[in-house]
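What you see below is based on every heavy atom in this structure, not just the backbone, and it leaves out hydrogens, waters and symmetry mates.
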Amino acid sequence: MKEKERQGLVEYPFAISPIVFVTHPSVQTVDNITTEQVREIYTGNIREWDKLGGPRHRLYAVTREANDSSRKILEQHLPVLKNRELKAKTFYTTPETVEAISTHKFTFGYIPLPEATRNQLNVLALNGVAPTGKNVTSGNYAINATFYIVSKGEAAGLAKEFIDFLYSDEAQRKIQEFGVIPANRS
């Protein structure tokens, strides 16, 4: 939301979904990627997996369209990718992106962590930091989409009860079952 749209609203973050770099399961020897390597992949300077410690095979990169929320979050943390024509096949929905990575060997891309987990894709650490709950909530892994409940003023009545429930142990377990990370209440 824009700053003027936030006036009078209270945001309650309840879940965090990391945006992660992934590979098709055919690429098992790569488990970490650096920011520089991401830039080199998307600018077309790295075109082979062996440049990343992987097999001797062509690397197929996929991306999302410029206005996609995952791409916008990614660009905030990797500005070298902003306003560039990426050397990658562009997809327009998350399901299409997941299908492309899942069904085409030697493919590289980025998607929300729950989709990567559900589809058994190889999730990469970025600069040596894995997108685990502890790394996400501590801020060490910062490429995330945060989900909020928003209320006009402080929540009251049933809305407050629901928001309080979101931070209960039961709800936190349910949030984790969906593959996202429970957010701290603060």
Side-chain angles (χ1 to χ4, degrees), residues 13 15-55 57-91 93-102 104-147 175-176 178-184:
I16 304 167
S17 179
I19 307 304
V20 297
F21 292 101
V22 296
T23 71
H24 180 275
S26 59
V27 184
Q28 288 296 313
T29 56
V30 177
D31 61 3
N32 180 58
I33 194 157
T34 67
T35 302
E36 178 64 19
Q37 289 169 328
V38 170
R39 185 183 71 75
E40 293 295 300
I41 289 168
Y42 283 117
T43 56
N45 294 324
I46 293 180
R47 296 173 184 248
E48 301 287 330
W49 278 108
D50 60 348
K51 303 281 191 237
L52 303 169
H57 200 281
R58 176 141 172 93
L59 184 154
Y60 303 102
V62 300
T63 189
R64 294 294 309 274
E65 79 279 4
N67 290 323
D68 172 69
S69 60
S70 292
R71 181 164 168 179
K72 290 208 172 284
I73 291 166
L74 183 66
E75 288 173 348
Q76 289 173 3
H77 297 279
L78 302 172
V80 295
L81 300 179
K82 198 172 188 174
N83 299 323
R84 288 185 179 260
E85 188 171 316
L86 304 181
K87 306 292 185 203
K89 171 85 172 149
T90 301
F91 289 92
T93 69
T94 298
E96 289 175 332
T97 308
V98 170
E99 182 180 350
I101 299 168
S102 297
H104 295 90
K105 290 183 176 184
F106 306 107
T107 305
F108 169 86
Y110 56 90
I111 56 175
L113 179 61
E115 295 298 324
T117 304
R118 246 189 308 282
N119 290 280
Q120 301 174 333
L121 298 175
N122 182 27
V123 177
L124 307 180
L126 179 63
N127 299 319
V129 180
T132 62
K134 186 175 183 179
N135 285 335
V136 169
T137 57
S138 70
N140 290 333
Y141 190 94
I143 304 174
N144 307 303
T146 302
F147 301 113
I175 289 169
Q176 287 176 321
F178 281 100
V180 293
I181 298 163
N184 296 326

For this session: Could you tell me whether Gln120 atom CD has more than 12 heavy atoms of other residues or ligands within 6.0 Å of it?
Result: no
Problem set entry | Side chain to side chain, Ile19 and Ile111, heavy atoms closer than 4.5 Å | no
Problem set entry | Residue pair Val20 / Pro112: nearest heavy atoms and the distance that separates them | CG2-C, 4.4 Å
For this session: Please list, chain by chain and in numerical order, all residues satisfying salt bridge (charged side-chain N to carboxylate O under 4.0 Å, His left out) with Glu48, sequence neighbours excluded.
Result: none
Problem set entry | Pairing residues for Ser138 by the side chain to side chain contact (heavy atoms under 4.5 Å, CB included) criterion, not counting sequence neighbours | Asn140
For this session: Can you measure from CD1 (Ile181) to NZ (Lys134) and round to the nearest 0.5 angstrom?
Result: 13.5 Å
Problem set entry | Residues in ring-ring contact (aromatic ring centres under 6.0 Å, His included) contact with Tyr42, at least two apart in sequence or another chain | Phe108
Exercise. With a 4.5 Å heavy-atom cut-off, do Asp50 and Pro55 have their side chains touching?
Worked result: no
For this session: Identify the two heavy atoms, one from Pro18 and one from Val136, that lie closest to each other, and give their separation to 0.1 Å.
Result: CG-CG2, 3.6 Å
Exercise. Are Asn127 and Thr35 close enough, and set up right, to give a side-chain hydrogen bond (donor to acceptor under 3.5 Å, both in side chains), and what steps lead you there?
Worked result: CA-CA 7 Å; Asn127 299 319; Thr35 302; 2.7 Å; yes
Exercise. How would you list, by chain and number, every residue that makes a side-chain hydrogen bond (donor to acceptor under 3.5 Å, both in side chains) with Thr63, sequence neighbours excluded?
Worked result: Tyr110
Problem set entry | Pairwise side-chain contact, Val62 with Ile101, heavy-atom cut-off 4.5 Å (strictly under) | yes
For this session: Specify the closest pair of heavy atoms between Ala116 and Val123, including all atoms of both residues, with the distance to one decimal.
Result: CB-CG2, 3.7 Å
Problem set entry | Counterpart residues, side-chain hydrogen bond (donor to acceptor under 3.5 Å, both in side chains), relative to Arg118 (two or more places apart) | Glu115
Problem set entry | Any residue meeting side chain to side chain contact (heavy atoms under 4.5 Å, CB included) with Asn45, in chain and number order, not counting sequence neighbours | Glu40, Thr43
Exercise. Which residues satisfy the side chain to side chain contact (heavy atoms under 4.5 Å, CB included) test with Phe147, sequence neighbours excluded?
Worked result: Phe14, Ala15, Ser17, Val180
Exercise. Taking atom CZ of Phe91 and atom CD of Glu99, what is their separation to the nearest 0.5 Å?
Worked result: 8.5 Å
Seminar exercise, completed: Here the ring pair (Phe, Tyr, Trp, His ring centres under 6.0 Å) pairs for residues 115-139, sequence neighbours left out, are none
For this session: Give the C-alpha distance, both sets of side-chain angles, the deciding distance and a yes or no for side-chain contact (heavy atoms from CB on, under 4.5 Å) between Ile41 and Leu59.
Result: CA-CA 8 Å; Ile41 289 168; Leu59 184 154; 3.8 Å; yes
For this session: May I ask you to decide if Leu124's main-chain N or O and Asn32's side chain share a donor-acceptor pair within less than 3.5 Å?
Result: no
Problem set entry | Where Pro13 and Thr146 come nearest, the two heavy atoms and their spacing | CB-CG2, 3.8 Å
Problem set entry | Partners meeting side-chain hydrogen bond (donor to acceptor under 3.5 Å, both in side chains) with Ser26 (sequence neighbours left out) | His24
Exercise. Taking only residues two or more places apart in sequence or in another chain, which ones pass side chain to side chain contact (heavy atoms under 4.5 Å, CB included) with Pro25?
Worked result: Gln28, Leu121
Problem set entry | Side-chain heavy atoms of Tyr141 within contact of Ile143, under 4.5 Å | yes
For this session: Let me see the working for Leu52 and Gln37 under side-chain contact (heavy atoms from CB on, under 4.5 Å), right down to the final yes or no.
Result: CA-CA 8 Å; Leu52 303 169; Gln37 289 169 328; 3.5 Å; yes
Problem set entry | Gap between atom OG1 of Thr90 and atom CG of Asp68 - 0.5 Å precision | 10.5 Å
Problem set entry | Backbone of Val27 reached by a side-chain donor or acceptor of Asn122 within 3.5 Å | yes
Problem set entry | Where Pro131 and Leu113 come nearest, the two heavy atoms and their spacing | O-CD2, 3.7 Å
Exercise. Excluding sequence neighbours, so at least two apart, what forms ring-ring contact (aromatic ring centres under 6.0 Å, His included) with His77?
Worked result: none
Exercise. Do any N or O atoms from the side chain of Arg64 and from the backbone of Arg71 form a donor-acceptor pair under 3.5 angstrom?
Worked result: no
Problem set entry | Any Val30 side-chain heavy atom under 4.5 Å of Phe21 side chain | no
Exercise. For the atom pair OH (Tyr60) and NZ (Lys89), what is the distance rounded to the nearest 0.5 Å?
Worked result: 14.0 Å
Exercise. Around His57, counting heavy atoms of other residues, nucleotides and ligands shown, do more than 12 lie under 6.0 Å from its NE2?
Worked result: yes
For this session: With sequence neighbours excluded, tell me which residues meet side-chain hydrogen bond (donor to acceptor under 3.5 Å, both in side chains) with Asp31.
Result: none
